[in-house]
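What follows is one structure encoded as structure tokens, with my remarks underneath.
What you are looking at is a predicted structure, and each value in this text was computed from that prediction instead of being measured. One-based numbering, in listed order, for ligands and for the atoms of each.
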Amino acid sequence: MKHLIDPMDLTVEEIDQLIELAGKIIENPDKYREVCKYKKLATLFFEPSTRTRLSFEAAMLDLGGNVLGFSSADSSSASKGESVADTARVIAGYADIIAMRHPKEGAPFVASQYVDIPVINAGDGGHNHPTQTLTDLLTIRQEKGRLNNLTIGFCGDLKFGRTVHSLIKALSRYEGIQYILISPEELQIPEYLKKEVFEKKGIPFRQVEKMEDVMSELDIIYMTRVQRERFFNEADYIRLKDSYILDLDKLKSAKEDLSILHPLPRVNEISVKVDDDPRACYFKQAKYGKFIRMALIMTMLGVSADED
Ligand code: NCD
């Protein structure tokens, strides 16, 4: 595993191994406290982030490594006009592994072509977010005990939400997943995903506009924020931003063991009253993000604790 740009860069077996290693780290974090001693992670974030950047940094620190980097394009030489390729080449001389977030689709892939250290895509535009997908898969495994035979509702901005795109691709390799895509017509998943994932693999999916109509069927609901920064027109954003608000009333018809996921940040799409419902998993999900990134960093750097 040289770079991680697209969730499909990982085989199902590799995902299983990462989830297994993350599980071992959760059980016994002390065993992994020094495995990355003297290694450096560079976090190159050209776009804002809280969880992804800080969970990458916490992951490397908890492995005994060090971190360096920047958290906005303004504070890097990108503001002087430096190309992503040049920035990556320079950083590769200082660090052992790079995590990069960028507003332009494909930027982390470009970076990966110029360096001989592993590059991890930490979100590229509306395209992919493979480490959020690993976080989501770990959460589903922990909550449900399996990654197959599940009915999953994806709700909200399915057009611009990169976490949705990546998770749909990754799940397409597991058996018995029923996809229910809940969005306003304007925010349906992109055509390329319908063609390249669902149609190509003959996977059925349903598109609906009201979450109430399908709530009782779901094992998992994956809520998302309307991606304001990717809209061309503020008026469209304002019209669509509160399309879905999950509240206790809507949950009345849901299964007792529904798992509510959200990559966060939340704006209005889940009422804070839901936070104390045992079905709410999103803060737990954010915690799992650190552990799966620990497993990923170890694997990409080729390090292990004694008996792993
Ligand atoms: C997501 C992202 O950046 O795409 N956040 C995250 O990484 N946890 C989701 C979002 O911004 O809505």
Assess the side chains of Glu82 and Thr87: does a donor N or O sit below 3.5 Å from an acceptor N or O?
yes
Ring geometry between Phe198 and Tyr179 (parallel below 30°, tilted from 30 to 60°, perpendicular above 60°):
perpendicular
Give me the one residue out of Phe109, Phe45, Phe46 that meets ring-ring contact (aromatic ring centres under 6.0 Å, His included) with His102.
Phe46
Ignoring hydrogens and angles, state whether a donor on the side chain of Arg225 or His262 is under 3.5 Å from an acceptor on the partner side chain.
no
Contacts for ligand 1, heavy atom under 4.0 Å, by chain and number, are Arg51, Thr52, Arg101, His129, Gln132, Arg162, Thr163, Arg225, Gln227, Pro263, Leu264, Pro265
Between Arg162 and Asp157, is there a side-chain N and carboxylate O pair less than 4.0 Å apart?
no
So, Ser259 and Lys144: side-chain donor and acceptor under 3.5 Å apart, yes or no?
yes
